[in-house]
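Along the sequence shown, residues carry numbers from 1.
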Amino acid sequence: MPDLSRTAQTHLRLSPIERFDLQSRIVLQGDQTARTELSAREGFEFPDLEGSRQSVAWLLRQELAARIEGGDGASTGPITVDDAVAAVMARLSRTRCVATAYQPSDDPDDYRDADDQTGTLAYTCQLPDSAALRPVHAALRVAPEGTDRQQAAQRLLAAYVEHLSSAPDRPVHAHHAVFSRPYSADHAVMQSMAVMETILPALFPFDGWEDGDD
């Protein structure tokens, strides 16, 4: 087992932008090369986050099943909720997020030393525009129970899987607060998973639509 703390001392310290780029590759693609580099340069072993990705898939399955199947898990056609969740996860693994700027806080209380400084990281993710799914989703919400609802559910699932498979990317700009250097692996994971707050509403837009009027 390599001495990660000693290895880290032999490398230049990561900037917040470099750290985000490595973290996002681990979160989204499970990139083991990025994980090895990040672990060596941070001085602690960064987990592969496969369990976190599986948790995301499980939660999406529950959310979508509640809408499509009434939460009972019954399949009503050739395209299933599991097919749709697999399409989400496949698109997630193809998503690229790149840091564009880092602005340290100008509040003296947010700066103690180079390893404990807060700031704002700006980044851009390449994500599909889900607007075309909105009328199909609205039709499901008003469809009466029975055959009409089953057909509306199938139309939404089919459109959703096709959208996730082939819709072109567009840049989505976002930002979040970061520390200049995480103090533990758990802290680094919590910080890196914040990118999901930008990605999941684009890949799974139904919650946002249901908060307001379709």
Side-chain angles (χ1 to χ4, degrees), residues 14 16-42 45-68 75 78-100 121-134 136-137 156-176 178 182 185-209:
L14 288 164
I17 287 177
E18 291 174 318
R19 180 175 296 108
F20 175 88
D21 290 339
L22 290 170
Q23 288 176 343
S24 67
R25 286 162 51 193
I26 302 167
V27 171
L28 302 177
Q29 285 84 45
D31 188 321
Q32 292 302 312
T33 300
R35 179 178 171 235
T36 298
E37 180 179 350
L38 184 63
S39 296
R41 295 183 67 180
E42 294 286 37
E45 186 171 0
F46 194 92
D48 65 10
L49 300 184
E50 178 59 28
S52 296
R53 286 188 294 277
Q54 291 177 356
S55 295
V56 168
W58 184 87
L59 289 171
L60 292 179
R61 201 244 177 265
Q62 303 309 305
E63 291 283 337
L64 191 55
R67 292 166 173 82
I68 298 296
S75 177
I79 302 177
T80 68
V81 167
D82 288 336
D83 294 330
V85 172
V88 175
M89 300 310 291
R91 186 71 186 235
L92 183 70
S93 70
R94 303 201 314 267
T95 299
R96 294 293 184 270
C97 294
V98 177
T100 56
L121 185 81
Y123 59 95
T124 299
C125 297
Q126 299 296 323
L127 294 163
D129 184 353
S130 59
L133 294 172
R134 192 158 188 162
V136 192
H137 173 259
L156 177 58
L157 285 174
Y160 190 33
V161 170
E162 175 62 24
H163 164 76
L164 291 166
S165 300
S166 61
D169 285 329
R170 64 190 174 100
V172 175
H173 306 293
H175 62 272
H176 64 75
V178 296
D186 287 345
H187 182 216
V189 168
M190 178 184 69
Q191 183 171 286
S192 63
M193 289 298 289
V195 73
M196 289 293 190
E197 295 177 6
T198 298
I199 293 172
L200 289 182
L203 298 185
F204 192 84
F206 311 119
D207 284 339
W209 293 341

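Every residue meeting the salt bridge (charged side-chain N to carboxylate O under 4.0 Å, His left out) condition with Asp169, not counting sequence neighbours, appears here in chain and number order: Arg91. Applying the salt bridge (charged side-chain N to carboxylate O under 4.0 Å, His left out) rule to Glu162 yields no partners; only residues at least two apart in sequence or on another chain are considered. The side-chain hydrogen bond (donor to acceptor under 3.5 Å, both in side chains) check on Asp21 picks up nothing, with sequence neighbours excluded.
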Using the rule given for side-chain contact (heavy atoms from CB on, under 4.5 Å), can you reason through Cys125 versus Val195, listing the C-alpha separation, both sets of side-chain angles and the distance that settles it, and then say yes or no? CA-CA 9 Å; Cys125 297; Val195 73; 4.1 Å; yes
Before giving the answer on side-chain contact (heavy atoms from CB on, under 4.5 Å), spell out for Phe204 and Leu64 the whole-Å C-alpha distance, their side-chain angles and the decisive distance to 0.1 Å. CA-CA 9 Å; Phe204 192 84; Leu64 191 55; 4.1 Å; yes
Apply the test side-chain contact (heavy atoms from CB on, under 4.5 Å) to residues Arg53 and Val56: give CA-CA distance (whole Å), side-chain angles for both, the deciding distance (0.1 Å), then the verdict. CA-CA 5 Å; Arg53 286 188 294 277; Val56 168; 5.6 Å; no
Is there a side-chain contact (heavy atoms from CB on, under 4.5 Å) between Gln126 and Arg94 once you walk through the steps? CA-CA 9 Å; Gln126 299 296 323; Arg94 303 201 314 267; over 6 Å; no
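Scanning both residues, Val189 and Pro47, for their nearest heavy atoms gives CG2-CG, 3.4 Å. Across Tyr160 and Leu133, no two heavy atoms sit closer than the pair CD1-CD1, 3.6 Å. Pairing each heavy atom of Leu49 with each of Ile26, the nearest pair is CD1-CG2, 4.1 Å. Across every non-hydrogen atom of Asp48 and Gln32, the tightest pair is CB-NE2, 3.5 Å. The two residues Val161 and Ala84 make their nearest non-hydrogen contact at CG2-CA, 3.8 Å.
Tested against Arg25 for a side-chain contact (heavy atoms from CB on, under 4.5 Å), the candidates Val27, Leu28, Leu22 yield a single pass: Leu22.
Using the six-membered ring where Trp is involved, Trp209 and Phe206 have ring planes that are perpendicular, over 60° apart on the 30 and 60° scheme.
Annotation: the span from His187 atom NE2 to Met190 atom CE amounts to 4.0 Å, rounded to 0.5 Å. Distance NE2/His163 to CG/Leu203: 7.5 Å, rounded to 0.5 Å. To the nearest 0.5 Å, atom CG of residue Leu164 and atom CG of residue Asp83 are 11.5 Å apart. The OG1 atom of Thr95 lies 5.5 Å from the CD1 atom of Ile199; values are rounded to the nearest 0.5 Å. Atoms OG1 and NE2, on Thr198 and His173 in that order, are 11.5 Å from each other to the nearest 0.5 Å. Rounded to the nearest 0.5 Å, atoms CD (Gln191) and CG (Asp186) are 12.5 Å apart.
Side-chain atoms of Ser93 come within 3.5 Å of backbone atoms of Ala90 as a donor-acceptor pair (strictly under, hydrogens ignored). Checked by atom type and distance alone, the side chain of Gln23 never pairs as donor or acceptor with a backbone atom of Met193 at under 3.5 Å. Of the possible polar contacts, none joining the Arg61 side chain to the Val81 backbone as a donor-acceptor pair under 3.5 Å is found.
At a threshold of 4.5 Å between non-hydrogen side-chain atoms, the residues Val85 and Trp58 do not count as touching. Side-chain contact between Arg19 and Glu42: present, with at least one pair of heavy atoms (C-beta onward) separated by less than 4.5 Å.
Electrostatic pairing of Arg67 and Asp207 counts as a salt bridge here, judged by a charged N lying under 4.0 Å from a carboxylate O.
Side-chain contact check for Ser24 and Tyr123: no donor-acceptor pair (N or O, by modelled atom type) lies under 3.5 Å.
Other residues, nucleotides and ligands contribute more than 12 heavy atoms inside 6.0 Å of the CD atom of Glu50.
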